[in-house]
Amino acid sequence: MAIKVLKFGGTSVADSTAMRKVFEIISSNREDKQIVVLSACAGITDKLLKLSETALSQDNEYLQILEKIENHHLKLIVELFRDSEKSASCIKSVNFLLQSLKKLIEGVKILEEITPKIKAEILSYGELLSTNIFYQYVLSRGLNSFLLDSREIIETDNYHLNAKPNFEKIQQNGEKLKKLLQNYPIVITQGFIGNWKKETTVLGRGGSDLSASLFGYSVNADEILIWTDVDGIMTTDPRLVPNAKVIEKITVDEVAELSFFGAKVLHPDTIKPALAKNIPVKVLNTFNPNGIGTTIYQNNGITFESKVSSMLLIEDCFYLRRQVTKDSRDFSYYLNLLKSNFEKLFKFSFNDNTILAIVKSPKGSDTLNLLEQEEFLNQKVDAIALFGLNIPNIDKEEKSKLDYITDRISEFLESKLFFVVSDYSAILLLQPNKGKEVIEFVHSILFD
Ligand code: ASP
Ligand code: MG
């Protein structure tokens, strides 16, 4: 029997409609053993953060926030359980959790102090609440399952709010989890939460993806499914290009590059533990469960024919050049200057006595003056970044498509060149504010 880890993010457990969808996904899979990892309901971790901050600053708003958290979960229960007896027993256990949260918060208020340890404890309540409710719902629907405290498996270091996993211990604890799976087809547990010597730790914001990867790692799972509210990783932003397509397979290196360029994809570091064990990770949509999704895998040195797999419009960029003469300062000076004055440095290179750089988002209001002082030619541009494996060796057919594109949109181009950024990306520069006009065309040539 295969072991699968299914991780559902905040929007997948946001309310009763979403939770029912999660239940349908789990109950329709009877062939596999399932480890179900849940996030907190959408927005709850933010509220818990705010709760601890307001209590610390003696702001009575904390009472309202506490009430909102309470109401959200009680409403969820009432909507989820049709049977009043079952909802009563769920309310009882949720109230117990809410009471202990309240005690912690009152402690913070009285002591006027919060330690990372206490804050981690407070933040963990979002996942404790969502898993508790979902577990009882699953039982009420007649599925045999076990509610596991993730702290039994996920051991970390003692950076309570941004804890790093202890892989060795997690691997050892995997034996416990495997035993549990012999007796239960479904184990439900929390994302985000870990422990250091019995103290609660959390893996950092958005840490549930990492949790899923770690649970997979601990038992050598056959597959990890990350269920979200989008169909997978897309060829480009579907809000800009309605015809954007789901990418069926992509390497983690391309995902890392996409994430570096600012795409909202899952953070590649979070799935590395799983990929290190060759466990495929798939991104799927809870609200469209029959979609194909995107499988992310590790490229073990195999070279693929190089095609563009996705693209991104990046606005608010600058194209910078500077002649370098004998008495110019050294490179590291210019490199550091750009790094410290822009949010992102996409490219920095040197050719024919010229420094060339592509940057995004100046950090300060006088950054552009500074560039002038430092004798950089600067042009505001829109950039289209293209991603793929082995981009410097793009295959012939793909290259001719790119040539066709640059010919057709030459009036919008700032430069005829594709700037190769790395093995996984290249940039095409357009005149400012022209990106939105041409992106659909570029996409249609590459992907339709
Ligand atoms: N609930 C946590 C957060 O909002 C962890 C997660 O959802 O991944 O950051
Ligand atoms: Mg998340």
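Remark: of the listed residues Arg20, Lys75, Gln136, Lys86, Arg20 is the sole one forming a side-chain contact (heavy atoms from CB on, under 4.5 Å) with Leu80. For the side-chain hydrogen bond (donor to acceptor under 3.5 Å, both in side chains) with Asn173, the lone residue among Lys178, Glu152, Glu155, Glu168 that qualifies is Glu155.
Ring geometry, Phe348 versus Phe331: the interplanar angle exceeds 60°, so the pair is classed perpendicular (tilted spans 30 to 60°).
For residues 18-61, the set of pairs meeting the ring-ring contact (aromatic ring centres under 6.0 Å, His included) definition, not counting sequence neighbours, comprises Phe23-Tyr137. Judged as a ring-ring contact (aromatic ring centres under 6.0 Å, His included), the pairs with a partner in residues 222-264 (not counting sequence neighbours) are, in order, Phe8-Trp227, Phe261-Phe346, Phe261-Phe387.
Side-chain atoms of Asn132 and Ser93 include a donor-acceptor pair closer than 3.5 Å. Residues Thr201 and Thr156 bring a donor and an acceptor atom of their side chains to less than 3.5 Å of each other. Ser124 and Glu121 are not linked by any side-chain donor-acceptor pair at a separation below 3.5 angstrom, with hydrogens and angles left out of the test. Between the side chains of Ser422 and Glu257, a donor-acceptor pair is found at a separation under 3.5 Å. A donor atom on one side chain and an acceptor atom on the other are not found under 3.5 Å apart for Asn390 and Asp423. A donor and an acceptor atom, one from each side chain of Thr200 and His160, are nowhere located under 3.5 Å apart.
Minimum interatomic distance between Ser39 and Ser130 (heavy atoms only, all atoms of both residues): O-OG, 2.7 Å.
In this structure, Lys109 and Ile105 have side chains that are not in contact, with every pair of non-hydrogen atoms separated by 4.5 Å or more.
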What donor-acceptor contacts under 3.5 angstrom involve side-chain atoms of residues 272-294, with partners at least two apart or in another chain?
{"from": "Lys272", "atom 1": "NZ", "to": "Asp269", "atom 2": "OD1", "distance (Å)": "3.3"}
{"from": "Lys277", "atom 1": "NZ", "to": "Gln171", "atom 2": "OE1", "distance (Å)": "2.7"}
{"from": "Lys277", "atom 1": "NZ", "to": "Tyr217", "atom 2": "O", "distance (Å)": "3.0"}
{"from": "Lys277", "atom 1": "NZ", "to": "Asn220", "atom 2": "OD1", "distance (Å)": "3.2"}
{"from": "Asn285", "atom 1": "OD1", "to": "Phe287", "atom 2": "N", "distance (Å)": "2.9"}
{"from": "Asn285", "atom 1": "ND2", "to": "Asp231", "atom 2": "OD1", "distance (Å)": "2.9"}
{"from": "Thr286", "atom 1": "OG1", "to": "Ser12", "atom 2": "OG", "distance (Å)": "2.7"}
{"from": "Thr286", "atom 1": "OG1", "to": "Thr228", "atom 2": "O", "distance (Å)": "3.3"}
{"from": "Asn288", "atom 1": "ND2", "to": "Asp231", "atom 2": "OD1", "distance (Å)": "3.1"}
{"from": "Thr294", "atom 1": "OG1", "to": "Ile233", "atom 2": "N", "distance (Å)": "2.8"}
{"from": "Thr294", "atom 1": "OG1", "to": "Ile233", "atom 2": "O", "distance (Å)": "3.4"}
{"from": "Thr294", "atom 1": "OG1", "to": "Ile247", "atom 2": "O", "distance (Å)": "2.7"}

